[in-house]
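So you know, we letter chains A, B, ... as the sequences are listed, proteins then strands, and number each from 1.
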2 protein chains.
Amino acid sequence: MSKKNTLRDQIEEAILSGKFSPGERLEEKVLAEQYGVSRTPVREALRQLHETGLVEVRERRGTVVRENSPTELVNMFEMMAGLEFLAVRLATRHMTEDDRARIQAAHEACRTARDIGTDAYYYENEAFHQALYRASGNPFLEQQATALHRRLQPYRRLQLRSINRVSQSFEEHEAIVAALFAGDAEGAGNAVWNHVAIQADNFRVLFPNG
Amino acid sequence: MSKKNTLRDQIEEAILSGKFSPGERLEEKVLAEQYGVSRTPVREALRQLHETGLVEVRERRGTVVRENSPTELVNMFEMMAGLEFLAVRLATRHMTEDDRARIQAAHEACRTARDIGTDAYYYENEAFHQALYRASGNPFLEQQATALHRRLQPYRRLQLRSINRVSQSFEEHEAIVAALFAGDAEGAGNAVWNHVAIQADNFRVLFPNG
DNA sequence: CGTCAATCCCTTGTATGCACGAGAAGCAGA
DNA sequence: TCTGCTTCTCGTGCATACAAGGGATTGACG
């Protein structure tokens, strides 16, 4: 693989795992020495991280790890809810047999993971949502929704550690699946909206000053 | 302004205006000579255009102007409809007096432009939709919706030349505004959904083999 | 004559050096 | 001491040079 891609993954991992804290300056020279490459691939990696929203690049003023204010996070979760709402509405119409099977399988995997632990559950949870996006039959939507979901992933985990809502989440999944498989577009849409939007509300609770 | 940004704008303009056709290869060296700069800012500009979806960058295999198949376009319009649906639903709840005034003004500008010509109308149309996004009270959604709207702009104009739907479009705007100002989230959402989704359908008509 | 493989060329990826601008630090005047 | 200006430093933007991989071309073999 090219250096810029491995670099991107490494830096991304470092940010998500907290090695670089929000607001911290990322100097090209330092990173280059740290990873044993020149500034060129570092620059490209940072631009790619900018695309995904992890860092902020300011003209001639360097790159910093982006700090998302609680308000921004709420906004992003709100958009996430909108995308999922759209995806399941489309899915009730366009879903194939394969899509149905994938959703069912992912849902069952969540059921199993529920009793193992939160990390296991949230791993399967990602797969479940991915299956929903795919079932929309709209690859563009699928890609955008996946990107946003991934961007929000660390905050979902954060939430999780504060509020144990694994079993509640799973019940919400059940409601979504039931309505979806029954062809109830209205019900499925509302169920998934609530499932995602509640996370935005939780953030308002975690950061009341947001 | 930095060279990479001016370059980005120039290349973008060249693509949107058809100077570079879809599928055409964009060689860094050629562009660099053409615009009198080195390859470095050209590379950066191309990456930025990749973000916005205008070009496709393949590892070690060069950059080409992206060709959106009719199916992809339909998918993008579908997502656009979803975002506008969300924006309007949120707007019925969060809209401020300023938002309301901006929407009203943009709508009136559309009414005037309707009788002038299609180009004038579609210019004001952009402002109208922009006002809707803003009224959602969600800057993140506003930004994403604006980006997608801009990306679809050339195809909207293409459509326009084939099917004269200015007056129809304006009537749809009236339905949206009426429901929105009445606080009817359901009605406003449906109205805006139909307004945008009909464009996807029109594409299916224009390119029946999509 | 068609097919496969080795080679070569050209484009992209990476490294390095120079130029320019932003922000810090130092200085002068009030 | 504080404020405003000047200078200086260091990091980013850009240019150029080198490395490496992909695809075309050409030649050999079936």
Would you give a per-nucleotide map of nucleotides 8-16 of chain D, 5' to 3', where B means the base has a protein non-hydrogen atom under 4.0 Å away, S means only the sugar-phosphate does, and - means neither? ---BBBSBB
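- In this structure, A:Arg100 satisfies the cation-pi test against A:Phe181, with its NZ or CZ atom closer than 6.0 Å to the six-membered ring centre and inside 45 degrees of the ring normal.
- Using modelled atom types, one finds a donor on one side chain and an acceptor on the other under 3.5 Å when comparing B:Glu84 with B:Tyr133.
- The C1' atoms of five pairs define one axis at each end of the helix from C:dC1-D:dG30 to C:dA30-D:dT1, and these two axes lie 10° apart (to 10°).
- Side-chain contact of B:Glu126 with B:Gln130: a donor-acceptor pair under 3.5 Å is absent, judged by distance alone.
- A:Val65 pairs with exactly one of A:Leu49, A:Ile15, A:Leu54 by the side-chain contact (heavy atoms from CB on, under 4.5 Å) rule, that one being A:Ile15.
- Across the protein-nucleic acid pair, A:Glu33 atom CD and C:dA15 atom C1' stand 14 Å apart, rounded to whole Å.
- No side-chain donor-acceptor contact under 3.5 Å links B:Arg150 and B:Gln153.
- Between B:Tyr155 and B:Asn68, the side chains place a donor N or O and an acceptor N or O closer than 3.5 Å (distance only, hydrogens not considered).
- For the pair B:Leu46 CG and C:dG13 C1', the computed distance is 14 Å after rounding to whole Å.
- No side-chain donor from either of B:Glu56 and B:Thr63 sits under 3.5 Å from a side-chain acceptor of the other.
- A:Glu108 and A:Gln104 share a donor-acceptor pair across their side chains, judged by distance under 3.5 Å alone.
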